[in-house]
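Encoded as structure tokens, the structure appears first; notes follow it.
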Amino acid sequence: MITTAEQSPPVRVRFAPSPTGFLHVGSARSALFNWLYARHTGGTMLLRIEDTDTDRSNPELIDMIFRTLEWLGIDWDEEPEHQSRRADRYRAATDELLASGRAYRCDCTRDQIDARAAERGGKPGYDGFCRDRGVAAGPGVVVRFRTPDDGVTAFTDLIRGDVTFPNSDLEDFVIVRANGDAMFLVANAVDDADMGITHVLRGEDLLNVTPKVLLLRHALGHTEDPVFAHLPLIVNEQRKKLSKRRDDVALEDYIARGYLSEAVVNYLATLGWGPPDGVEIRPIAEIIELFDLTQVVSSSAFFDLKKLDHFNAEYIRALAVEDFIERSQRWLLADDAPWPADRYDPAVFAAMAPLVQERVRTLAEVPGYVDFLFLAEPVVDDKSWQKVMVKGHDTAVLMLDAMVDRFATCDWTGAGIEDALFGFGDAQGIKRGQAQAPIRVATTGRSVGPPLLESLELLGRDTTLTRVRAARAALGAT
RNA sequence: GCCCCCAUCGUCCAGUGGCCUAGGACGCCGCCCUUUCAAGGCGGUAACACGGGUUCGAAUCCCGUUGGGGGUACCA
């Protein structure tokens, strides 16, 4: 029996970043959806570096993009294509267009174009002035595509349905710059055809470019159109497209801020799409299996850092402890770690790790939970001190005084410390939350942190006593 | 201005004409648990932009309005 799936040609998709900056969150999402679609359908995932604008491209950034895609777990199937190496193909295409009369040379300056537009009544755009002037090649001369005067260019978008553009709204756009370089649209049309791309999945910001690419493809003799799917934009709280200027869009920054690639990818997958059973956090293999391009929503999605944090915390907690320790190294051993490198003790951190793991949302928060163990003296948080030591002065004095004695002689084990601390506090009728607070602030500097008994045990009797005495002394007589 | 796209809780998704007194998740609020904070458990807050149609019946279909966004380069 022949199914429609078997009749369709194998899926070939591509991610086509332009190396003019780091990998952008929006680009990463496009890459991810292309990849999900390819893996779901058993198709082919291709990469194409759109570096035709040589002035703005940078080879190092290309490598950076590859590495970030790898970090995300997005792989590709064939050697990446580079548009900078295909200039001859674009030249052949534009020559063909020139020869067939579908394109012509133009020597109008921007000012002339604008002046004529103003004369016409403010309607901006090129007016086809040079269409039949027979302009010869030369300095300052570009090549423009002659768009049809009437009719429409339409296509069916997998996400948006039928989209139609009247050809009369399309101006004669530039396809070759004065310096001889082909423009993005030409490269796009030629490459997608040469690479046998069957599905073009990209951001909605490229939607209006589609009729131009289609016109170019048709003029070049390609009668089969690829299937298009324009993904909803990822926006900021102002509902505007994420911008490099005012938003955190560099994926590299999320790595540095302690996000796990699994969490980032999983979160990105929920922007514009959701699994049918509503389970958002799940292994990538399941996402691949469930992914359905036709179910992608058409409205833009807000990049919600709070929700990403939640995903990340879930993924951190799901890590094996050894993995958590391993992945935390980068922040523990960093130059800007809060303690002198020689005071850091891996064994002490390992003992504390399980308790830290279930509390952090990002790996970057890890040092803040254990700094008191590796610092000569705790960093005192002023708000905590005010609340516990000043506002709760009497209880603080009582507990501190008692622990100076009891900690000196009790068993230095979790149970021993517990007995010393709460045995006294309970007898005094002090709630445990109140009883532990002064000791916590005295030894760790803060009123929040990992469980106290384990913390003190690792801190050691001597250091604990030193800090308790110092805090008591800071409170003055009585 | 013109072209194109979009419109369900604050946010991300469910919902594809009756199962919706609209469901889940994040956030937020409360309670429980508890040595702090987390985690966990329980409960709560909160939405179909508006107006016309079509239909026995509309969050779901159509039209309009309003609102938002994207694009309007010799960038991609």
Side-chain angles (χ1 to χ4, degrees), chain A residues 16-20 50-53 55-57 83 106 108-110 113 121-126 140-144 157 159-161 163-166 168-171 173-181 183-185 187-188 202-211 230 232-233 235 237-241 267 270-281 295 297-311 313-314 317 355-361 369 384 388 418 421-422 425 431-437 439-441 444 446-453 455:
Chain A
S18 109
T20 53
E50 308 220 319
D51 51 357
T52 53
D53 188 7
D55 291 347
R56 291 173 51 184
S57 294
Q83 291 190 329
C106 166
C108 295
T109 63
R110 185 74 244 170
I113 294 169
K123 192 180 175 184
Y126 183 68
V141 174
V142 300
V143 177
R144 287 180 183 275
D157 188 293
I159 296 171
R160 282 149 221 290
V163 185
T164 304
F165 293 82
S168 56
D169 287 332
L170 272 19
E171 66 175 354
F173 53 92
V174 173
I175 56 175
V176 181
R177 293 191 269 189
N179 68 5
D181 289 348
M183 294 283 290
F184 151 76
L185 291 165
N188 199 282
R202 52 177 17 167
E204 194 198 340
D205 51 345
L206 261 7
L207 185 62
N208 53 50
V209 123
T210 303
H230 287 92
L233 256 22
V235 300
E237 47 276 273
Q238 271 75 238
R239 296 254 122 212
K240 293 193 193 303
K241 186 172 70 163
Y267 176 64
T270 67
L271 256 29
W273 176 79
D277 60 8
V279 178
E280 295 178 314
I281 298 181
Q295 293 302 301
V297 303
S298 42
S299 48
S300 53
F302 169 57
F303 189 79
D304 189 351
L305 209 55
K306 283 230 181 79
K307 192 154 181 176
L308 206 211
D309 280 347
H310 176 257
F311 274 49
E314 291 275 327
R317 284 192 291 271
L355 300 174
V356 175
Q357 182 178 3
E358 58 182 5
R359 288 172 168 75
V360 294
R361 284 170 309 187
Y369 274 84
S384 297
V388 176
E418 179 177 20
L421 182 60
F422 295 124
K431 282 190 156 85
R432 294 191 164 194
Q434 303 284 309
Q436 59 94 43
I439 308 306
R440 179 183 289 283
V441 173
T444 73
R446 305 187 189 87
S447 54
V448 301
L452 187 61
L453 305 178
S455 296

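Nothing here was measured: the structure is a model prediction, and the numbers come from that model. Proteins get letters first, then strands, A, B, ... in listed order; numbering begins at 1 in each.
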Write down the protein N/O and nucleotide N/O pairs, taken from nucleotides 64-66 of chain B, whose separation is under 3.5 Å; answer none if there are no such pairs.
none

Please produce a list of atom pairs where a protein N or O lies less than 3.5 Å from an N or O of nucleotides 40-46 of chain B.
none

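Contact annotation: A:Arg432 side-chain N/O to B:U34 OP1/OP2 distance is not under 4.0 Å.
Atom CZ of A:Arg202 and atom C1' of B:G71 are 13 Å apart (whole Å). A:Leu185 places its CG atom 12 Å from the C1' atom of B:G71, with the value rounded to the nearest Å. Rounded to whole Å, the distance from CG on A:Asp309 to P on B:A39 is 12 Å. Per the geometry, CG belonging to A:Asp157 stands 18 Å off P belonging to B:G70, to the nearest Å. Residue A:Asn208 contributes atom CG, which lies 14 Å from atom C1' of B:C75 at whole-angstrom precision. Following rounding to the nearest Å, A:Leu355 (CG) and B:A38 (C1') show an atom-to-atom distance of 11 Å. Rounded to an integer number of Å, the gap from CZ of A:Phe311 to C1' of B:G24 is 12 Å. A:Leu452 places its CG atom 14 Å from the C1' atom of B:U34, with the value rounded to the nearest Å.
Under the rule for a side-chain contact (heavy atoms from CB on, under 4.5 Å), the partners of A:Lys241 that lie at least two apart in sequence or sit in another chain are A:Asp205, A:Leu233. Under the side chain to side chain donor-acceptor pair (under 3.5 Å) criterion, A:Glu280 pairs with A:Lys307, not counting sequence neighbours. Here A:Arg440 pairs with A:Gln436 under the side chain to side chain donor-acceptor pair (under 3.5 Å) rule; sequence neighbours left out. Contacts of A:Tyr369 classified as ring pair (Phe, Tyr, Trp, His ring centres under 6.0 Å), with partners at least two apart in sequence or in another chain: none. Scored by the side-chain contact (heavy atoms from CB on, under 4.5 Å) test, A:Ala437 finds A:Val388 as partners (sequence neighbours excluded). For the side chain to side chain donor-acceptor pair (under 3.5 Å) test, no residue two or more places apart in sequence or in another chain qualifies with A:Asn208. The side-chain contact (heavy atoms from CB on, under 4.5 Å) search around A:Val279 returns A:Asp277, A:Arg282, not counting sequence neighbours. In this structure A:Phe302 satisfies the ring pair (Phe, Tyr, Trp, His ring centres under 6.0 Å) test with no other residue, sequence neighbours excluded. For A:Val176, the side-chain contact (heavy atoms from CB on, under 4.5 Å) partners at least two apart in sequence or on another chain are A:Thr94, A:Val143.
Among the atoms of the strands shown, only primed sugar atoms or phosphate atoms (P, OP1, OP2) are found under 4.0 Å from some heavy atom of A:Val174. If you check every strand for non-hydrogen atoms under 4.0 Å, A:Phe165 touches sugar and phosphate atoms only. Base engagement by A:Arg359 is indicated by at least one non-hydrogen atom pair under 4.0 Å involving a base atom. Using a 4.0 Å heavy-atom criterion, one finds that A:Lys431 contacts no nucleic acid atom at all.
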Inset, instruction - Quick one, give me the B/S/- string for nucleotides 6-16 of chain B, reading 5' to 3', where B means a protein heavy atom under 4.0 Å from the base and S means that only happens at the primed atoms, P, OP1 or OP2. - result: SS---SBSS-B
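Comparing the C1' positions of B:C33 and B:A39 gives a spacing of 11 Å, expressed to the nearest Å. Here the separation of B:G51 from B:U45, taken at their C1' atoms, is 30 Å to the nearest Å. Annotation: B:C48 and B:A58 have their C1' atoms spaced 11 Å apart (nearest Å). The gap from the P atom of B:G64 to that of B:C2 amounts to 16 Å, rounded to the nearest Å. B:G71 and B:G52 have their P atoms separated by 36 Å, given to the nearest Å.
Considering only side-chain atoms of A:Arg440, the nucleotide from B:C37, B:C74, B:U35 that sits closest is B:U35. Taking only side-chain atoms of A:Lys241, from C-beta outward, the nucleotide of B:A76, B:U35, B:G71 with the closest atom is B:G71. The side chain of A:Leu207 approaches B:C5 more closely than any other nucleotide in the set B:G70, B:C5, B:A73. With B:A73, B:G71, B:U36 as the choices, the nucleotide that has an atom nearest any side-chain atom of A:Glu171 turns out to be B:A73. Taking only side-chain atoms of A:Asp169, from C-beta outward, the nucleotide of B:G70, B:A76, B:C3 with the closest atom is B:C3. When each of B:C74, B:A76, B:U36 is scored by its nearest atom to the side-chain atoms of A:Pro451, the top-ranked nucleotide is B:U36.
Applying the 6.0 Å contact sphere to CZ of A:Arg361 captures no more than 12 heavy atoms from other residues, nucleotides or ligands.
Here the shortest heavy-atom pairing between A:Pro19 and A:Asp51 reads CG-CB, 3.9 Å. Of all the heavy atoms in A:Phe165 and A:Leu207, the pair that sits closest is CZ-O, 4.1 Å.
Base pairing of B:A25 is made with B:U11, judged by Watson-Crick or G-U wobble geometry with both donor-acceptor distances under 3.5 Å. Remark: B:C20 base-pairs with no nucleotide; criterion is Watson-Crick or G-U wobble with both hydrogen-bond distances under 3.5 Å. Searching all strands for a Watson-Crick or G-U wobble partner of B:G1 with both distances below 3.5 Å returns B:U72. Across all strands shown, B:C32 is found opposite B:G40 as a Watson-Crick or G-U wobble partner, with both distances under 3.5 Å. Checking B:C50 for Watson-Crick or G-U wobble geometry (two distances, each under 3.5 Å) identifies B:G64 as its partner.
Considering CZ of A:Arg202 and OG1 of A:Thr210, their distance stands at 4.5 Å, rounded to 0.5 Å. The structure places CG of A:Leu308 at 4.5 Å from CZ of A:Phe303, a figure rounded to the nearest 0.5 Å.
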